Amino acid sequence: MDGTVQKERSDLLCMDRAALVALVTEECKEKPYRAAQIAAWLCKAALFDEMTDLPKPLIARLKECATLSYPAVFDKKVSALDKTVKFLYRLTDGQLVEAVVMRYEHGYSICISTQAGCRMGCRFCASTLGGRVRNLTEGEMLGEILVAQRSLGVRISHVVLMGIGEPLDNYDHVLRFLRLVSAKEGLNISGRNISLSTCGLVPRIADLAKENLPLTLSVSLHASDNKRRSAIMPVNDRYPLEELLPACRDYFDATGRRISFEYTLIAGENDAPADADALAALLKTSFGDRPFHVNLIPVNPVKESGFQQGSRASVLAFCRRLNRLHVNATVRRTLGADINASCGQLRHAAGQNAKGNQNS
Ligand code: SAH
């Protein structure tokens, strides 16, 4: 033993500019501008040895006092239908998570995972079938974007937190991720181009309203009465509609950001004309004349749930009925239907769950 204590090595992808400057100046005894050089390399998902404008001794010192690991591309599927790309990433501990890159007129958008697994238990969702294994760090979430950009050679301009996991069940890491991804000296993706989707953790929605971030909040509603919402979303027993909807209204009042409600249409469960009427009535009662949007998602059948999609005609009829009731509603475009692009389907197919199987 030489008596020295090995300092805990710090993860570069989790560092904001101040932390990088401190690392460079205090640990590496270098000039602060080196932090900007490193940050630029991280934006390109570069490895230490690719950082060619850094002096070799600095690289050697960085390797000693910091870690840098990006998610590894375990599988990558490209849709023949619409060029949507699904990444299955392997994290350092072997956990698999998914991200999907979609091309829109406004540029590239990525849907990222926030947890390995999920403990919310929604009946139609593949992500929750094996429970939650762990939260992702802000560096891992950032890594999902960086690796996708490098792999595809594109710049991603929009981010949605709608992959595996419940973002508000990983609040602190997700908040740090949101600040990192929107930092001017980082990827510089404005909060206006970021959507966060939640199953409705009411106290965290109230916290988020105070963070002063110009995000779009999407709220998974899926039913307009407590009995049926609880039957498909156990979280509704903890935070029923009479608590969730006022929290959404307060979020709009605090941030001025229009809420988007997600409503997954399940044949014979929640897609009758009377369900459209009940949904319109509920939202109007809760929101008064405030704006809101309803995003209709035809359910993506997951074997374990037994839920089925209704016909295209019934989906469009549901949407038209809402529109006639002056509800701003649209049907979500289905992208990547041929590559299992829906939440958690690849991770689940790879057999990962909370009980083990973590070394695939
Ligand atoms: N935990 C967050 C983000 C998850 S997924 C949330 O619950 O909002 C993003 C959206 O896809 C949610 O609205 C979720 O309910 C929905 N979803 C999950 N599985 C689905 C499936 N099989 N078919 C259609 N929508 C699904």
Side-chain angles (χ1 to χ4, degrees), residues 86 97-100 102 109-132 135-136 141 144 159-171 173-174 177 194-202 204-205 208 215-224 228-236 238-239 244 247-248 251 259-267 269-271 279 293-310 315 318 329-337 339-349:
K86 181 139 196 173
V97 294
E98 301 169 26
V100 183
M102 294 149 286
S109 176
I110 189 167
C111 171
I112 62 162
S113 296
T114 56
Q115 297 179 311
C118 181
R119 57 177 176 176
M120 296 297 126
C122 298
R123 303 268 185 264
F124 43 81
C125 184
S127 304
T128 198
L129 288 169
R132 183 193 69 172
N135 288 329
L136 264 53
M141 290 180 249
E144 294 180 60
V159 180
V160 299
L161 279 68
M162 291 191 187
I164 297 171
E166 165 51 46
L168 298 186
D169 186 38
N170 181 14
Y171 190 85
H173 290 297
V174 164
F177 162 75
I194 303 176
S195 297
L196 182 153
S197 180
T198 178
C199 63
L201 300 183
V202 166
R204 295 287 88 75
I205 293 175
L208 193 63
L215 303 173
T216 297
L217 183 66
S218 295
V219 176
S220 300
L221 205 54
H222 306 327
S224 48
R228 281 191 299 169
R229 192 163 188 269
S230 286
I232 52 173
M233 300 180 70
V235 69
N236 194 67
R238 263 196 294 160
Y239 305 114
L244 176 59
C248 296
Y251 185 90
I259 304 264
S260 178
F261 289 101
E262 290 153 292
Y263 190 95
T264 290
L265 286 163
I266 307 173
E269 296 281 333
N270 64 0
D271 66 341
L279 178 61
H293 179 257
V294 175
N295 202 342
L296 298 169
I297 318 171
V299 74
N300 214 310
V302 171
K303 194 173 79 246
E304 287 76 356
S305 73
F307 291 146
Q308 294 302 324
Q309 256 183 37
V315 169
F318 195 94
T330 48
V331 179
R332 178 176 295 174
R333 250 172 85 200
T334 324
L335 290 172
I339 53 165
N340 263 351
S342 191
C343 249
Q345 294 187 349
L346 288 187
R347 176 183 157 86
H348 181 57

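Whatever order the structure lists ligands and atoms in, that order sets their numbers, starting from 1. All values derive from a computational prediction rather than experimental measurement.
- Within the 4.0 Å heavy-atom criterion, both parts of N300, backbone and side chain, lie near ligand 1.
- Residue contacts with ligand 1, taken as heavy atom pairs separated by less than 4.0 Å, involve T198 solely via the backbone atoms N, CA, C and O.
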> How far apart are the C-alpha atoms of R332 and E262, what are their side-chain angles, what is the distance that settles it, and do they pass the salt bridge (Lys or Arg N to Asp or Glu O under 4.0 Å) test?
Replying inline: CA-CA 9 Å; R332 178 176 295 174; E262 290 153 292; 3.4 Å; yes
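- Looking at V302 against ligand 1, only its side chain comes within 4.0 Å, counting heavy atoms.
- Across R119, R204, R238, a single residue satisfies salt bridge (Lys or Arg N to Asp or Glu O under 4.0 Å) together with D169, and that is R119.
- If you number the atoms of ligand 1 from 1 as listed, the ones under 4.0 Å from a heavy atom of H222 come out as 13 (O), 14 (C), 15 (O).
- When heavy-atom distances to ligand 1 are checked against a 4.0 Å cut-off, E262 comes that close only through its side chain, counted from C-beta outward.
- Those atoms of ligand 1 that come under 4.0 Å of a heavy atom in V299, given as number and element, are 23 (N), 24 (C).
- Taken from CZ in R229 to CG in N270, the straight-line distance is 12.0 Å, to the nearest 0.5 Å.
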>> For a side-chain contact (heavy atoms from CB on, under 4.5 Å) check, start with the C-alpha distance between I205 and Y239, then their side-chain angles and the critical distance, and finish with the verdict.
In response: CA-CA 11 Å; I205 293 175; Y239 305 114; over 6 Å; no
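- Across the listed options C125, A126, G163, G163 owns the non-hydrogen atom lying nearest to atom 4 (C) of ligand 1.
- With values rounded to the nearest 0.5 angstrom, R123 atom CZ is found 10.5 Å from S305 atom OG.
- Geometrically, ligand 1 and S197 share a nitrogen or oxygen pair separated by less than 3.5 Å.
- For F124 against I232, the heavy-atom pair with the smallest separation is CE2-O, 4.0 Å.
- With hydrogens and angles ignored, the 3.5 Å screen pairs no side-chain donor or acceptor of T264 with any backbone N or O of H222.
- For G165, the heavy-atom gap to ligand 1 drops under 4.0 angstrom.
- Residue contact check: C199 has heavy atoms under 4.0 Å from atoms 6 (C), 7 (O), 8 (O) of ligand 1.
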